[in-house]
Amino acid sequence: MAEHTLRGKVAVVGIGETTYYKHSQSPDPEFVLALKAILAACEDAGINPRDIDSFASYANDRNDPSRLSAALGCKELRLSNMQWGGGGGGGAAAIGNAAAAIVTGQAEIAVVYRALAQGQFQRYGLAQAGGTVSGDNALINPYGIFVPAQRFALKIMRYMHEHGIKQEALRALALASYHHAQSNPRAVMYGRPLTEEAYEASRWIAEPYHLFDCCMENDGAAAVVLVSAERAKDFKNKPAYVLSVAQGSDHRNAARSFNAPDFHSSSFGPVAPHLWEMAKLGPKDVDVLQSYENFTGGVLMSLTEHGFVHPDECNEFLKLENLIAPSGKLPLNTSGGNLAECYMHGLELQIEAVRQLRGTATSQVPNAKVAGVIAGPMVTPVSTMIFGSEETL
Amino acid sequence: MSYLPKGLPEPVTETDKLDQPYWEGTRAGKLKVQRCGACNTWQWGPEWICHNCRSWDMKWVEVEPKGKIWTWTRCWHPVHPALKAAGPYIAVLVELPHAGNIRMLGNLLGDPHQTVTIGAPVTAVFEPHDDAKTPYTLVQWKLA
Ligand SMILES: [Zn+2]
């Protein structure tokens, strides 16, 4: 039987970002941010924006491909794709969906993008006042549980209990992101280092999450340009090949009222094995990893469920020295990630992985050939992917 | 007297009435959850179909209102305008071992600064909100 795989068939040839702002600080409306990021990605790739024929996004991005295509004067529109559900969990899936369209002849030059201007629209971390709730929210909101920080605190609290994981393990994940942001002038937290003491002294949001365990909320936009591997060789940048993408979640993940059998999970249980199978690689082969931090607890469970660390060894392994470039055992979130670079709903992590393979990251891992990107954990569906340099094909 | 301040969203039955027996039950001081009439699987939250055998015959069964703390969090950051002056409060996810280990969320009554122990037995406290536009009763929990 023919092997069904995306491995090595599509590559990122262009990356683009706007300036990253604190939430509600963008001088531009969200649609303008999206346009600017896409134009930057086209310039980086060396393509005329008119030639973009396909668009894919996730998290219910408000910037409709048909409007983008019209505004940019694209010659034609082919793929117009939205990953359904999972919010920031869809970052890798959006790339996988665009890549699948390219491989199956439904798209040629695809842009995957995400734009956020939370001043123009509602913020994620605040609930609306008053009113009534029904359905699943009726079983949750009246008890003061509204936002992801609270919902996801329930997951990691149980996980830490079962595996004897200490707060210091979460702290190390926060410190790693802040450490890398200090080398990255694009990072919102550039020039604002985080110490162990400041972490410990920071206020609780929802135990076990301190303030610094929680992602920022930001304004900005990011975009990547994808083409087939055959075409990728014609572009000026070193291609970042898609080696594998997997999306989904575990059995009955969305069972109501927190009744997922594997509730205390990042949702990658059955997803990560698909990732490794398509990549023909394992966790030990990954040179540098970006793992979406909505909350540090989600990163921790993402790492265990992908096999980077055993759940019972988190206290020993999750230490700052193991998580930082250039020499840590598992350089993690090397641009500063959602915690300290920008909460661009994780698409900034894909861009950082591409930079690592090009050798242009601000906290570069020497000779990085395999770069993993784990999109938003603890939701459903989640998604995850591996990029590789030409040598990995 | 409710555990959390007034002004939080008021729960109402879904327009499709899927969860109506639950909310009617709590008003009467009874904890009712779903159990499959065909294969006896417990199911919570409510759904139209049994996840185990696909039967449509979902019964509403009264269960003893007790359980064990399965996980918890103490919330400090006021994410809702009504919680601005509330101070910390505790949410517990309670497992019902006598009902197929289904879980339900509530607040843990008592000192909001108390030490919370996973596995601790709890019993339900029915908290009526009689002055709501559509009166409702929440299921809260206290240490047994
Ligand atoms: Zn059944």
Side-chain angles (χ1 to χ4, degrees), chain A residues 123-164 202-211 213-214 251-261 263-265 295 297, chain B residues 2-5 7-16 18-19 22-23 33 42-47 51 70-83 86 88-93 95 100-108 116-119 127 129 132-134 136 138-140:
Chain A
R123 286 185 59 196
Y124 286 107
L126 279 181
Q128 301 274 34
T132 60
V133 279
S134 64
D136 207 16
N137 283 338
L139 300 171
I140 294 169
N141 293 168
Y143 303 105
I145 297 296
F146 290 90
V147 299
Q150 303 169 322
R151 293 165 184 259
F152 298 157
L154 294 166
K155 291 177 186 274
I156 191 65
M157 190 69 93
R158 177 76 193 189
Y159 196 84
M160 291 169 82
H161 168 76
E162 286 191 3
H163 298 288
S202 69
R203 62 194 171 92
W204 290 113
I205 301 298
E207 296 177 33
Y209 294 140
H210 283 276
L211 175 67
D213 292 298
C214 305
H251 174 62
R252 301 192 69 233
N253 186 295
R256 289 172 155 203
S257 183
F258 305 139
N259 276 266
F263 173 76
H264 49 318
S265 153
F295 306 95
Chain B
S2 58
Y3 178 76
L4 291 175
L8 290 171
E10 297 176 352
V12 292
T13 298
E14 283 183 85
T15 52
D16 61 12
L18 171 62
D19 57 1
Y22 170 78
W23 292 109
V33 299
W42 296 92
Q43 183 157 285
W44 194 248
E47 189 49 274
H51 71 266
W70 192 78
T71 188
W72 65 282
T73 182
R74 187 176 355 249
C75 301
W76 293 77
H77 183 65
V79 296
H80 189 279
L83 297 167
Y89 56 95
I90 298 170
V92 285
L93 189 59
E95 183 182 60
N101 298 102
I102 56 169
R103 303 176 203 131
M104 49 184 69
L105 191 76
N107 297 121
L108 181 64
V116 185
T117 308
I118 287 177
E127 183 189 273
H129 292 248
K133 203 168 149 203
T134 306
Y136 62 92
L138 296 180
V139 180
Q140 301 286 25

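Just so we're on the same page: letters track the sequence lines, and every chain starts at 1. All values below come from the heavy atoms of this structure, side chains included, with hydrogens, waters and symmetry mates left out.
- Side-chain atoms of B:Thr15 and A:Ser134, non-hydrogen and from C-beta on, never get closer than 4.5 Å to each other.
- Listed by first then second residue, pairs satisfying salt bridge (Lys or Arg N to Asp or Glu O under 4.0 Å) with a partner in residues 139-163 of chain A read A:Arg158-A:Glu162, not counting sequence neighbours.
- You'll find the side chain of A:Phe263 reaches within 4.5 Å of the side chain of B:Arg103, heavy atoms only.
- Considering only heavy atoms from C-beta on, B:Val92 stays 4.5 Å or farther from A:Tyr143 through its side chain.
- Take B:His129 and apply the ring pair (Phe, Tyr, Trp, His ring centres under 6.0 Å) test, not counting sequence neighbours, and it matches B:Tyr136.
- Considering only heavy atoms from C-beta on, B:Thr71 stays 4.5 Å or farther from A:Tyr159 through its side chain.
- Rounded to the nearest 0.5 angstrom, B:Ile102 CD1 and A:Asn259 CG are separated by 6.5 Å.
- In this structure, B:Trp70 CH2 and A:Leu154 CG are separated by 9.0 Å, a value rounded to the nearest 0.5 Å.
- Proximity to chain B (any heavy atom under 4.5 Å) is shown, for A:Ala254, by neither the backbone nor the side chain.
- For B:Thr73 (side chain) and A:Gln150 (main-chain N/O), no donor-acceptor pair under 3.5 Å exists by modelled atom type.
- The side-chain heavy atoms of A:Phe146 and B:Leu8, taken from C-beta on, include a pair separated by under 4.5 Å.
- No hydrogens or angles considered: a donor-acceptor pair under 3.5 Å links the side chains of B:Trp76 and A:Glu207.
- Note that NE2 of A:His161 and CD1 of B:Ile118 are 4.5 Å apart. Values are rounded to the nearest 0.5 Å.
- For B:Ala82, no part sits under 4.5 Å from any heavy atom of chain A, backbone or side chain.
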